[in-house]
Amino acid sequence: YVQEGYGYSTCNYNMADATIRCDRVGCDYSSDGVVNGYEMYEQNGAKWYGCDEGYEMEGDSRASCEDGVITYPVCKLSDGGYYDEECEMPDYIFGGYKFWDSETTTDTLMFNSSQMRVAKYKCLDGMAMVANSDLMEGDTGMTLLDAYGTAVCFYATNMAYMPHCKTTEEAGHCGLPDYIDGGRAYSFTTDPENPLAPIYANYTCYDGYRLMNAALDSDMGWCRKDYSREVPYCMNEYDWFEMEFQLESGDVSKYGVNTGRVKVRKVSPYYGAEEWVTGCDDDMNDNAAGAVCRSLGFNFGKRIEPPSKMDALNFEFGWTNIHCDYDDTIMTSSSCHADEYGMGAICLPSEQVVVSCFDEDYDTEISIRATGRKIFCNFEAMKEDEDMNLKNADLEVEFYRWDEDGSNYSEMDNSDVKYRNKNGYKIKYSGDTPECYSCCVHTTNGHYVGEAFNSHSCKEVYMQMNGTDSASDY
């Protein structure tokens, strides 16, 4: 890199007098730098390349630059898509890297054999592992969990079966890990339409560690519709704790066990229970309220303003800035965050967190009809006992069509879906009115809400086609 401008900057009255910038020199990677290959991925100033059909990567798939000289990967003619040079296991694959190799360690992470070399790979952030399906067939007969991230090379033939890292969209899943710090997955549940896509995983920790769950009484990790993922994690057993919550509404009789001010404490199997504390509602979001409620056994929750007659709890503040990134976890999830209450935080007793918990997120009435080359999906929705303005609700609608004999099933173009004056949504279609059609309503993070079919017979046809009573995977 070369420095542009001054090497220092001063700040006067919130204005900097110079911008310091370092520009890369001599490493202008070309998209055409790899013969019989193409540019695939860029991260932290480095670029990875792939090979055209019929060619395979020889060694590292990442281009390197030293003293202004660029070294590009080499694509060579493929022999069945396998590496064949003395069971070579590259340190890097496109979008990933090797973290274990049977030839360089005595750790029996998976297995050792005099007949084969085994390596394990992980993918970079934003990428998802795709197992080599050949390992799940024939004599090897591995499960997806065994084949996931696994490379195998047989010494007798120098034939290697390599895994691949792809973007989450290309892979069709979020890339749930098979190994986590201090533990591993012990089972995968796959997408019914993609046997190489794990969408749920169950995890366990090694001796000396305990699992910090992301869901109540569950060791599960999962993929979301947006390809984000939720994975539990392992903690040293002496540091591990549970978070115990209680709701108190005082003498306000109209509130039941599902609404109240929140008090919380950590409970450790080694050190016992800490003192009860409350949370400050500064910057708390509804996702965090839902996490508190799920920790109490409810399905959903929201933060509410404290009723005037609900007295403050007689406990110290312990937490502030409580928030979660998603609305499907409990508070011990790695996607939930909070700051210990201390210097700089100023909260009054009236600002103690108050939540209201529910078992049903949405209560809906959905109907569907077609007229004038338009299909209308009409629905009314209540969320947590309140009528929802559909345009502002976190809901999405998908339309489907098929023939009465079950043929020509397809999802209609969602780009044509239009909001319809608080009553639902509509979509235009061309040609004759579909014999069968339905609309499916789900939340933006993929939770199924409800659906409607144009006739009972069409619903029965759909059930026979798919072995389900739902017109979608939600």
Side-chain angles (χ1 to χ4, degrees), residues 125 180-183 203 205 208-219 221 228-250 258-298 300-307 310-357:
D125 291 344
I180 58 177
D181 290 342
Y203 292 89
C205 297
Y209 294 86
R210 292 191 64 171
L211 195 68
M212 189 64 78
N213 296 338
L216 185 64
D217 299 327
S218 172
D219 58 11
S228 63
R229 65 192 188 192
E230 190 66 41
V231 182
Y233 56 96
C234 297
M235 292 184 66
N236 184 293
E237 62 180 344
Y238 295 104
D239 297 328
W240 185 89
F241 60 90
E242 291 181 296
M243 297 189 73
E244 183 180 350
F245 293 89
Q246 288 185 6
L247 302 183
E248 291 192 8
S249 58
N258 68 317
T259 300
R261 294 189 184 273
V262 179
K263 64 179 185 179
V264 59
R265 65 179 178 179
K266 289 183 178 180
V267 181
S268 165
Y270 289 99
Y271 309 114
E274 296 183 357
E275 296 295 325
W276 288 103
V277 295
T278 63
C280 175
D281 62 8
D282 286 356
D283 296 324
M284 183 175 180
N285 62 5
D286 282 342
N287 291 348
V292 169
C293 291
R294 278 182 287 275
S295 300
L296 289 165
F298 295 95
F300 307 98
K302 65 177 180 178
R303 172 192 161 189
I304 64 173
E305 293 298 321
M310 185 178 287
D311 295 332
L313 302 180
N314 189 26
F315 298 105
E316 298 289 334
F317 282 108
W319 302 95
T320 187
N321 299 325
I322 308 164
H323 62 282
C324 296
D325 299 330
Y326 301 95
D327 193 17
D328 57 2
T329 69
I330 60 176
M331 282 302 299
T332 50
S333 160
S334 58
S335 63
C336 290
H337 317 276
D339 297 327
E340 289 193 22
Y341 187 84
M343 186 177 296
I346 302 176
C347 291
L348 301 175
S350 61
E351 296 177 279
Q352 292 174 351
V353 168
V354 183
V355 302
S356 187
C357 301

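Just so it is clear, the structure is predicted and the values come from calculations on it, not from any experiment.
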Donor-acceptor pairs are to be reported for all side-chain atoms of residues 277-285 against protein atoms at under 3.5 Å, with residues two or more places apart or in another chain.
{"residue": "Thr278", "atom": "OG1", "partner": "Glu316", "partner atom": "O", "Å": "3.4"}
{"residue": "Asn285", "atom": "OD1", "partner": "Ala288", "partner atom": "N", "Å": "2.9"}
{"residue": "Asn285", "atom": "OD1", "partner": "Cys324", "partner atom": "N", "Å": "3.3"}
{"residue": "Asn285", "atom": "ND2", "partner": "Cys324", "partner atom": "O", "Å": "3.0"}

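Rounding to the nearest 0.5 Å gives a distance of 8.0 Å between OG of Ser268 and CH2 of Trp240. Separation of atoms CG (Asn287) and CE (Met331) is listed at 10.5 Å; rounding is to 0.5 Å. The CD1 atom of Ile346 sits 7.0 Å away from the OH atom of Tyr341 when rounded to the nearest 0.5 Å. In this structure, Asn258 CG and Cys293 SG are separated by 8.0 Å, a value rounded to the nearest 0.5 Å. Interatomic distance, Asn321 CG to Asp339 CG, rounded to the nearest 0.5 Å: 4.5 Å. Taken to the nearest 0.5 Å, the NZ atom of Lys263 stands 4.0 Å off from the CD atom of Glu248.
For the pair Ile322 and Val353, the tightest heavy-atom approach, listed with the atom from each and the gap, is CD1-CG2, 4.4 Å. Closest heavy-atom contact between Tyr233 and Ser333: CE2-C, 4.4 Å. Among all heavy-atom pairs drawn from Phe317 and Cys347, the shortest one is CE1-O, 3.4 Å. Residues Phe315 and Gln352 share a closest heavy-atom pair of O-NE2, 4.1 Å. Shown here for Arg265 and Glu274, the closest heavy-atom pair between the two residues is CD-O, 3.4 Å. Of all the heavy atoms in Ser350 and Pro306, the pair that sits closest is O-CG, 3.4 Å.
Contact of the Ser218 side chain with the Asn213 side chain is not registered, since no non-hydrogen atoms from C-beta on lie closer than 4.5 Å. Under the 4.5 Å side-chain criterion, counting only non-hydrogen atoms from C-beta, Val262 is in contact with Leu247.
At least one donor-acceptor pair closer than 3.5 Å links the side chain of Asp286 to the backbone N or O of Arg303. Not a single donor-acceptor pair under 3.5 Å links the side chain of Thr329 to the backbone N or O of Ala214.
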Item to check | Glu340 vs Trp319, side chain to side chain contact (heavy atoms under 4.5 Å, CB included): CA-CA, chis, key distance, verdict | outcome: CA-CA 5 Å; Glu340 289 193 22; Trp319 302 95; 3.5 Å; yes
Checklist entry - So Ser295 and Glu244, side chain to side chain contact (heavy atoms under 4.5 Å, CB included) or not? Walk me through it. => result CA-CA 8 Å; Ser295 300; Glu244 183 180 350; over 6 Å; no
Next on the checklist: Walk me through whether Asp181 and Cys234 qualify under side chain to side chain contact (heavy atoms under 4.5 Å, CB included).
Outcome noted: CA-CA 7 Å; Asp181 290 342; Cys234 297; over 6 Å; no
Next on the checklist: Could you walk me through whether Thr332 and Glu242 satisfy the side chain to side chain contact (heavy atoms under 4.5 Å, CB included) test, starting with their C-alpha distance in whole Å, then the side-chain angles of each, then the deciding distance to 0.1 Å, before giving a yes or no?
Outcome noted: CA-CA 8 Å; Thr332 50; Glu242 291 181 296; over 6 Å; no
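Taking 4.0 Å as the cut-off between side-chain N and carboxylate O, Arg294 and Asp327 count as a salt-bridged pair. The pair Arg210-Glu237 does not count as a salt bridge, with every side-chain nitrogen at least 4.0 angstrom from each carboxylate oxygen.
Scanning for ring pair (Phe, Tyr, Trp, His ring centres under 6.0 Å) contacts around Tyr238 gives Tyr270, with sequence neighbours left out. With sequence neighbours excluded, no residue satisfies ring pair (Phe, Tyr, Trp, His ring centres under 6.0 Å) with Phe241.
Within 6.0 Å of atom CG in Asp239, more than 12 heavy atoms from other residues, nucleotides or ligands are found, so the atom counts as buried in its surroundings.
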